[in-house]
Amino acid sequence: MCRFKFRVNVLQISVVYGLRQASKTEKNLKFLLQKVLKQSDVGSLGRIVLPKREAETHLPQLESRDGISIAMEDIGTSRVWNMKYRFWPNNKSKMYLLENTGDFVRANGLQEDDFIVIYADIKCGKYLIRGVKVRQNGPKSEGKKPAKKSHRDLSSTAASISSPVAQAVR
DNA sequence: ACAACATGCAGCGGC
DNA sequence: CCGCTGCATGTTGTA
């Protein structure tokens, strides 16, 4: 039961944002996971490494390393990308990844240090993905969220939303 | 010491 | 020959 660590950071603000938006549209979005993108995630490989624990907890169980195909609706553009969720064997463990992410990354102009958030639409049983840019000094600040790369200095704020998943699930 | 993960890179297939 | 696929290896953070 101690499997949940309180990995609190500012990026979770996006969860609240997502839920508000969900209320407005009467769609129920459940936060699944997020990933700060590395160079290898936004490069030409077109694949994004997903955090293991969150993936195993919130995404479908994978029977084989070939994984499954997942339709991901881009929250920003409403476009739907057909991605693949799979894993690789790695040491005695597994590495989880999302493939065919190249178009999504390019369409959103995502770069290193930007991040993605993945939600599940409870109502439709769909998956949704959102790319969030974190430009602090880009040519044009296109950041959708004012979230900056802070450390863990929002403990008090975070405390009030300490369990976004629990809130999302009700 | 161990687990997660960012990236290197070999092998293979398409051009 | 070049790019992609799939794993291996090095690095970094956690216990």
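Just so we're on the same page: letters track the sequence lines, and every chain starts at 1.
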So, OP1 or OP2 of B:dA4: does either fall under 4.0 Å of a side-chain N or O from A:Ser93?
yes
Quick one: is C:dT5 close enough that its OP1 or OP2 comes under 4.0 Å of any side-chain N or O from A:Arg86?
no
Can you name the residues that form a ring pair (Phe, Tyr, Trp, His ring centres under 6.0 Å) with A:Tyr127, not counting sequence neighbours?
none
Spell out protein contact along nucleotides 10-15 of chain B as letters: B when the base is contacted, S when just the sugar-phosphate is, - when no protein heavy atom is under 4.0 Å; keep the 5' to 3' order.
------
Who pairs with A:Lys84 by salt bridge (Lys or Arg N to Asp or Glu O under 4.0 Å), at least two apart in sequence or on another chain?
none
Please tabulate, for side-chain N and O atoms in residues 95-103 of chain A, each donor-acceptor pair with protein atoms closer than 3.5 Å (sequence neighbours left out).
residue	atom	partner	partner atom	Å
A:Tyr96	OH	A:Glu56	OE2	2.7
A:Thr101	OG1	A:Gly46	O	3.0
A:Thr101	OG1	A:Arg47	N	3.2
A:Asp103	OD1	A:Arg106	NH1	3.0

Within residues 88-97 of chain A or reaching into it, pairs that qualify as salt bridge (Lys or Arg N to Asp or Glu O under 4.0 Å) - sequence neighbours excluded
none
List the residues meeting side-chain contact (heavy atoms from CB on, under 4.5 Å) with A:Asn82, not counting sequence neighbours, and say none if there are none.
A:Ser69, A:Ala71
Whole-Å gap separating [atom2] ([N]) and [atom1] ([X]):
X: A:Asn100; N: C:dC4; atom1: CG; atom2: P; value: 12 Å
X: A:Phe87; N: C:dC7; atom1: CZ; atom2: P; value: 9 Å
X: A:Glu99; N: C:dG6; atom1: CD; atom2: P; value: 7 Å
X: A:Lys94; N: C:dA8; atom1: NZ; atom2: C1'; value: 18 Å
X: A:Lys92; N: B:dC2; atom1: NZ; atom2: P; value: 12 Å
X: A:Lys52; N: C:dT14; atom1: NZ; atom2: C1'; value: 14 Å
X: A:Arg53; N: C:dG13; atom1: CZ; atom2: C1'; value: 15 Å
X: A:Leu37; N: B:dC5; atom1: CG; atom2: C1'; value: 14 Å

Calculate, to the nearest 0.5 Å, the distance between atoms CD1 and CD belonging to A:Ile129 and A:Glu73 respectively.
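Here the rounded value is 11.5 Å.
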Working to the nearest 0.5 angstrom, can you tell me the gap between A:Asp66 CG and A:Arg86 CZ?
5.5 Å
Side-chain donor-acceptor distances from residues 35-42 of chain A under 3.5 Å, at least two apart:
residue	atom	partner	partner atom	Å
A:Lys35	NZ	A:Asp41	OD2	2.9
A:Lys35	NZ	A:Val49	O	2.8
A:Asp41	OD1	A:Val49	N	3.0
A:Asp41	OD2	A:Lys38	N	2.9

Not counting sequence neighbours, which residues clear side-chain hydrogen bond (donor to acceptor under 3.5 Å, both in side chains) with A:Arg79? List them please.
A:Thr77
Listing time: all N or O pairs from protein to nucleotides 6-8 of chain B that are below 3.5 Å?
residue	atom	partner	partner atom	Å
B:dA6	OP2	A:Lys35	NZ	2.8
B:dT7	OP2	A:Ser40	N	2.8
B:dT7	OP2	A:Ser40	OG	2.3

